[in-house]
Chemist: 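For reference, the structure I am asking about is given below.
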Amino acid sequence: MENFKEIENKWKKFWEDNAGLYQAKNDSDKKKKYILVEFPYPSGSGLHVGHAFSFTGGDVYARFKRMQGENVMFPMGWDAFGLPTENYAIKMKKKPQQVTKENTDMFRKQMKDLAFSFDWSREVNTTDPSYYKWTQWIFIQLFNKGLAYKKEMPINWCPSCKIGLANEEVVDGKCERCGAEVSRRNISQWVVKITDYADKLIEGLKETNFIDKVKQAQINWIGKSEGAKIKFKISDVSSQISDLEVFTTRPDTLPGVTFMVVAPEHQLVDQIISSSVFQKEEIENYVKNARKKSELERTELSKDKTGVFSGLYAINPVNNKEIPIWISDFVLASYGTGAIMAVPAHDERDHAFAKKFGLTIVPVLNKEGWDFEKKAFTEVEKGEEFNKMLNWVEEKGIGERTSSYHLRDWIFSRQHYWGEPIPMVNCPKCGMIPVKESDLPIVLPEVEAYEPTDDGQSPLSQMTDWVNTTCPKCGGEAKRETDTMPNWAGSDWYFLRYIDPHNDTVLASQELMKYWSPVDVYIGGDEHNVLHLLYSRFIYKFLWDLGVVPKEYPEPYIKRLSHGVILGPDNQRMSKSKGNVIVPETVADIYGVDVVRMYLMFMGPFDSTMAWNEKTLMGVKRYLDRLEKFINSQKENNLASSKEVKMIINKLINGVTEDLEAFRYNTAIAKMMEALNSLSVGQSISLSDIKTLIKLLAPFAPYMAEELYSFFEKTSVHAALWPVADPKFLIGDETTVMVSINGKVRDKLIIKNEELINKEEILRKAKGLDNIKKWIGTGEIVKEVYVPGKMVNLVIKL
RNA sequence: GCCGCAGUGGUGAAACUGGUAUACACGCAAGACUUAAAAUCUUGUGCUCUCAACAAGCGUGGGGGUUCGAUUCCCUCCUGCGGCACCA
């Protein structure tokens with residue numbers, strides 16, 4: 001289209017004026033289809049190719065389903081809280097609220113330009129108080145159910161920025177922003193007990209249609225191990241703590257336990273330091289050093305084990321032998337009980353530790369010829385002995401069967417400004433009390449300075465007017481919580497808000513959730529397959545337990561689709577520093593939106609990684625130009641389609657429909673190109689078949705389709721009914737049957753369809769072919785295979 | 001180390017349940033149009049042998065297996081990508 005700008009503007013306005021075209025109807029007899037694409041963080045640099053790619057993928061499907069007569073909900077919103085906005089606001093001396101408004105306005109305009117058929121009447125914004133009122137409400141429910149609590153926790157601390165950092169903000173042990181070495185600091189943090197839902201989150205995956213890769217990633221992340229907790233008696237009677245509890249997956253190796261190790265953070269260590277005289281200084285130094293180290297430093301030094309003897313001994317319950325208790329940072333305080341029973345004969349780490357400190361190695365299972373002093377034998381099978389020992393432990397009352405998880409509780413506090421205020425009040429008399437639900441939302445006050453404070457508190461802590469409040473319980477003087485929520489909080493439940501975005505009394509009405517739930521297709525990036533998806537499922541399951549969301553749907557998303565990644569023309573990840581960034585807007589200005597959309601869908605499979613290639617884009621442009629020319633040359637002829645043309649069209653309808661249903665956009669487009677190649681060879685085509693071609697094009701190239709369709713109809717092509725193939729024109733009169741000798745194709749037979757079932761006749765004909773006769777020669781046919789309608793294979797022995 | 005995914009022409013890729021390997025597109029080559037270029041159109045294009053055609057042989061990362069028949073299923077190895085990683 002030469003005048004594509006003009007056409008785009010014309011139809012953009014038309015769609016704007018006919019807003020109902022893309023709106024989801026809450027009261028409809030039609031089948032509902034909830035298609036969700038991950039809402040973006042509206043950054044200052046605007047919509048990038050990755051957005052354009054995934055949103056086009058969703059848009060094609062939404063348009064397709066709408067034309068198939070389904071009641072489609074395809075909403076859009078903004079995940080707008082976050083550090084970049086806060087930092088940008090600080091730098092530009094603007095309010096984050098203002099920056100967010102500017103950015104979302106820009107994103108919305110760009111999305112409309114790219115013809116995404118979002119239902120804008122359902123737009124949500126996580127930074128809107130009427131939205132985060134419900135994010136805060138969910139937090140209060142978590143608190144009321146005992147799933148949110150405050151705890152002193154080590155966090156990543158940047159001494160230069162004077163700010164606590166999330167793990168994602170620490171790169172190679174350094175602060176992402178200033179590059180300073182990150183240390184650890186204990187800060188009182190809100191923690192959410194996602195671990196209570198670990199089993200439910202694994203179990204629930206069975207209810208979903210996620211691809212295996214996503215399910216596996218979630219299962220691995222939760223990392224469930226089955227085993228036992230076992231208590232070891234401490235032999236020193238003067239010790240205030242009499243037992244040391246460990247978690248093990250291998251109770252059957254209990255006889256091989258020759259020492260124990262506790263993490264430097266273990267409570268036993270504090271007792272040792274305060275009461276013991278043995279090596280007091282050495283122990284104190286070791287512990288102090290270990291606690292100072294960042295997680296990274298600790299794991300980096302993993303090859304070489306360090307540790308110190310505590311002076312205490314425990315008793316191995318199997319043989320009553322005294323075994324030393326050591327302190328070492330290879331044991332993690334955050335996993336299991338923070339203490340382990342060491343079996344150096346059958347565990348590599350325990351073995352390395354034993355060798356370094358000269359500890360005893362006792363094999364449980366003797367492997368012939370194995371040198372246990374040299375290497376641990378780790379391939380011990382978890383057999384009968386596992387259960388036998390576990391039963392013995394339980395009978396003796398020193399332990400019990402249990403599971404442990406890699407999944408940690410979720411640190412929910414951020415010491416930043418631009419996030420949802422945690423709706424809690426700290427009362428000196430009553431403790432932590434949630435804000436009254438009727439007082440929600442607790443609106444983020446507008447402050448003058450967004451910089452964090454010296455002591456690592458949120459900038460909100462300086463707002464004394466806001467901080468000082470009264471206790472919701474006793475009415476006395478109290479202070480507000482000044483931490484804000486992490487980014488995930490707003491994105492956990494946004495899909496529910498789209499269902500009922502303006503409801504002021506509940507986060508969404510039961511009735512509407514019953515109609516729209518669950519999300520049928522959720523399109524997003526691989527980077528969110530674990531955290532976002534897991535947090536979101538967790539919050540949903542929590543709301544399900546509360547009865548807030550419909551009982552009929554225990555899982556929020558049915559199908560998860562991960563979109564691929566678009567690399568720069570140099571096959572590298574796009575980044576400003578590499579100068580290989582493709583801006584969709586710029587390309588659309590040159591070639592038109594339809595070309596960009598269609599090219600993005602044609603590049604390759606929707607979920608694969610592909611490099612941008614302007615030459616291939618030209619191929620798509622050529623196709624659209626040729627299609628336009630073909631239709632314009634035919635539209636006034638008013639001729640009938642030949643049978644051959646009808647077959648091309650009907651096969652195309654079937655092919656494109658099937659491919660769209662399976663998100664195989666690249667092959668759908670290839671089929672359209674193929675059809676045009678066949679049609680272009682001097683064929684004439686009926687008006688109804690032309691309209692079919694335009695309809696098939698509509699999801700991909702909405703502007704051009706609308707323009708071409710307007711020649712025939714007054715109504716929008718996007719409201720037209722998707723074509724259905726006529727079975728009469730799907731199969732021809734004849735079928736090609738390939739004939740092969742020993743599996744290699746040598747010739748073919750053209751057979752009338754009604755004769756395809758006649759095996760004997762077909763085999764006779766196959767053997768009669770000149771080529772085949774030549775191949776058989778003097779050989780003997782030992783086997784004849786006929787696959788009806790497909791092929792004949794003759795096995796020849798020479 | 002563990003988990004997951006992938007490996008097909010010069011390039012992006014297709015072949016969905018085992019049945020014509022390389023559809024579609026790019027690139028390249030030749031030709032048409034043009035004073036010329038661009039654009040457009042036509043034809044050809046896996047590799048080897050051949051002036052060429054016919055025919056043949058080889059061919060989906062390597063090796064092996066199952067099968068009348070394997071890009072597809074099984075075993076094994078190699079390479080690349082992504083995630084997790086002292087998880088007891």
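Below, read A as the first sequence line, B as the second, and so on, with proteins coming before strands; counting in each chain starts at 1.
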Chemist: Asn613(A) CG to C26(B) P: how many Å, rounded?
Modeler: 10 Å
Chemist: Starting at atom CZ of Phe330(A), determine the distance to atom P of G1(B), rounded to an integer number of angstrom.
Modeler: 21 Å
Chemist: So which nucleotide does A32(B) pair with, by the Watson-Crick or G-U wobble rule with both distances under 3.5 Å?
Modeler: U40(B)
Chemist: Between C58(B), C68(B), A15(B), spot the one nearest the side chain of Lys783(A), thanks.
Modeler: C68(B)
Chemist: A15(B) and G65(B): how far apart are their P atoms, nearest whole angstrom?
Modeler: 29 Å
Chemist: Leu561(A) and Asp607(A): side chain to side chain contact (heavy atoms under 4.5 Å, CB included), yes or no, with the steps?
Modeler: CA-CA 8 Å; Leu561(A) 206 67; Asp607(A) 61 357; over 6 Å; no
Chemist: Take Tyr405(A) and Lys790(A), find for each the nucleotide of RNA chain B with the closest heavy atom, and name the residue whose nucleotide sits nearer the 5' end.
Modeler: Lys790(A)
Chemist: Can you check the distance between U11(B) and G62(B), where both ends of the measurement are the P atom (answer in whole Å)?
Modeler: 15 Å
Chemist: What I want to find out is whether Asp570(A) reaches Lys578(A) closely enough, with some N-O distance under 4.0 Å, to be called a salt bridge.
Modeler: no
Chemist: Is it the case that C68(B) (base atoms only) and Asn793(A) (side chain only) share a donor and an acceptor within less than 3.5 Å, ignoring hydrogens and angles?
Modeler: yes
Chemist: Are Lys305(A) and Phe353(A) in a cation-pi contact, defined as NZ or CZ under 6.0 Å from the six-membered ring centre and within 45° of the axis?
Modeler: no
Chemist: For the pair Glu38(A) and Arg560(A), find out whether any cationic side-chain nitrogen is under 4.0 Å from an anionic carboxylate oxygen.
Modeler: yes
Chemist: Tell me the partner of G69(B), counting only Watson-Crick (N1-N3 plus N6-O4 or O6-N4) or G-U wobble (N1-O2 and O6-N3) with both under 3.5 Å; none if nothing fits.
Modeler: none
Chemist: From the set G19(B), A13(B), A25(B), return the single nucleotide nearest to any side-chain atom of Val785(A).
Modeler: G19(B)
Chemist: Using a 4.0 Å heavy-atom cut-off across all strands, classify Phe602(A) as base, sugar-phosphate, or nothing.
Modeler: base
Chemist: Measuring from the side chain of Lys744(A) (C-beta onward, heavy atoms only), which nucleotide among C86(B), G19(B), C58(B) has the closest atom?
Modeler: C58(B)
Chemist: Quick one: does any side-chain atom of Asn316(A) pair with a main-chain N or O of Val318(A) as donor and acceptor, under 3.5 Å?
Modeler: yes
Chemist: Watson-Crick or G-U wobble partner for U50(B), using a 3.5 Å limit on both distances?
Modeler: none
Chemist: May I ask you to say what Lys748(A) touches in the nucleic acid, namely base, sugar-phosphate or nothing, with a heavy-atom cut-off under 4.0 Å?
Modeler: nothing
Chemist: Decide, for G57(B), between syn and anti: a glycosidic angle within 90° of 0 counts as syn, anything else as anti.
Modeler: anti
Chemist: Remember a base hit wins even if backbone is also touched, and classify Val745(A) as base, sugar-phosphate or nothing at under 4.0 Å, heavy atoms.
Modeler: sugar-phosphate
Chemist: With rounding to whole Å, what would you report as the distance between C68(B) and G31(B) at their C1' atoms?
Modeler: 46 Å
Chemist: Using only heavy-atom distances, decide whether a donor-acceptor pair under 3.5 angstrom links the side-chain of Lys305(A) to the base of C86(B).
Modeler: yes
Chemist: What is the ring orientation for Trp410(A) with Tyr535(A), classed by angle as parallel under 30°, tilted 30 to 60°, or perpendicular over 60°?
Modeler: parallel
Chemist: Does Arg622(A) put a side-chain nitrogen or oxygen below 4.0 Å from OP1 or OP2 of C26(B)?
Modeler: yes
Chemist: Across the strands shown, which category fits Arg664(A) at heavy-atom distances under 4.0 angstrom: base, sugar-phosphate, nothing?
Modeler: base
Chemist: Among the candidates A23(B), U40(B), G19(B), find the nucleotide nearest to the side-chain atoms of Lys629(A).
Modeler: U40(B)
Chemist: For A56(B), does either OP1 or OP2 sit under 4.0 Å from a side-chain N or O belonging to Trp775(A)?
Modeler: yes
Chemist: Do NZ/NE/NH1/NH2 and the carboxylate oxygens of Lys621(A) and Asp625(A) come within less than 4.0 Å?
Modeler: yes
Chemist: Hey, does Arg626(A) reach any base, or is it just sugar-phosphate, or nothing, if we go heavy atoms under 4.0 Å?
Modeler: sugar-phosphate
Chemist: With rounding to the closest Å, how many angstrom separate the P atoms on U20(B) and C73(B)?
Modeler: 16 Å
Chemist: Scan Val795(A) against the nucleic acid and name what it touches under 4.0 Å (heavy atoms): base, sugar-phosphate only, or nothing.
Modeler: sugar-phosphate
Chemist: For A14(B) and G64(B), measure between their P atoms and round to the nearest Å.
Modeler: 29 Å
Chemist: For nucleotides G83(B) and C28(B), find the distance between their P atoms and express it as a whole number of Å.
Modeler: 36 Å
Chemist: Measure from CG on Asn742(A) to C1' on G57(B) and round the result to the nearest Å.
Modeler: 16 Å
Chemist: Rounding to an integer number of Å, can you tell me how far Asp625(A) CG sits from C41(B) C1'?
Modeler: 14 Å
Chemist: In this structure, how many angstroms lie between the P atom of G69(B) and the CE atom of Met791(A), rounded?
Modeler: 12 Å
Chemist: Using a cut-off of strictly less than 4.0 Å, decide whether Asn677(A) has a side-chain nitrogen or oxygen near OP1 or OP2 of A25(B).
Modeler: yes
Chemist: Determine the contact category for Met673(A): base if any of its heavy atoms lies under 4.0 Å from a base atom, sugar-phosphate if only primed atoms, P, OP1 or OP2 are that close, otherwise nothing.
Modeler: sugar-phosphate
Chemist: Mind checking the P distance from A85(B) to A70(B)? Whole angstroms is fine.
Modeler: 44 Å
Chemist: Have a look at Asn666(A) and say if it touches a base, only the backbone sugar-phosphate, or nothing, with a 4.0 Å heavy-atom cut-off.
Modeler: sugar-phosphate
Chemist: Should C81(B) form a Watson-Crick or G-U wobble pair with both distances under 3.5 Å, which nucleotide is its partner?
Modeler: G4(B)
Chemist: CE of Met618(A) versus P of A39(B): gap in Å, rounded?
Modeler: 7 Å
Chemist: Nearest whole angstrom, please: distance from the C1' of C68(B) to the CD of Glu784(A).
Modeler: 11 Å
Chemist: If you check every side-chain atom of Leu332(A), which of A14(B), C58(B), A88(B) has the closest atom?
Modeler: A88(B)
Chemist: Could you check how far CE of Met672(A) sits from C1' of A23(B), rounded to whole Å?
Modeler: 15 Å
Chemist: Output the single nucleotide from C16(B), G27(B), C58(B) whose closest atom is nearest the side chain of Asp659(A).
Modeler: C16(B)
Chemist: Closest to the Trp221(A) side chain: G19(B), C84(B), A23(B)?
Modeler: C84(B)
Chemist: On the nucleotide C26(B), are OP1 or OP2 found under 4.0 Å from the side-chain N or O atoms that Lys615(A) carries?
Modeler: no
Chemist: Could you work out which one of G57(B), G19(B), C3(B) sits closest to the side chain of Asn220(A)?
Modeler: C3(B)
Chemist: For atom P, what is the distance between G9(B) and G46(B), given to the nearest Å?
Modeler: 13 Å
Chemist: Only one of Lys559(A), Lys215(A), Gln216(A) passes side-chain contact (heavy atoms from CB on, under 4.5 Å) with Phe210(A); say which it is.
Modeler: Lys215(A)
Chemist: Select base, sugar-phosphate, or nothing to describe what Ser225(A) touches, counting heavy atoms under 4.0 Å on all strands.
Modeler: sugar-phosphate
Chemist: Which atoms form the tightest heavy-atom contact between Thr249(A) and Ser225(A), and what is the distance?
Modeler: CG2-CB, 3.7 Å
Chemist: Let me spell it out: for each of Gly743(A) and Thr736(A), pick the nucleotide of RNA chain B with the closest heavy atom. Which residue's pick is nearer the 5' end?
Modeler: Thr736(A)
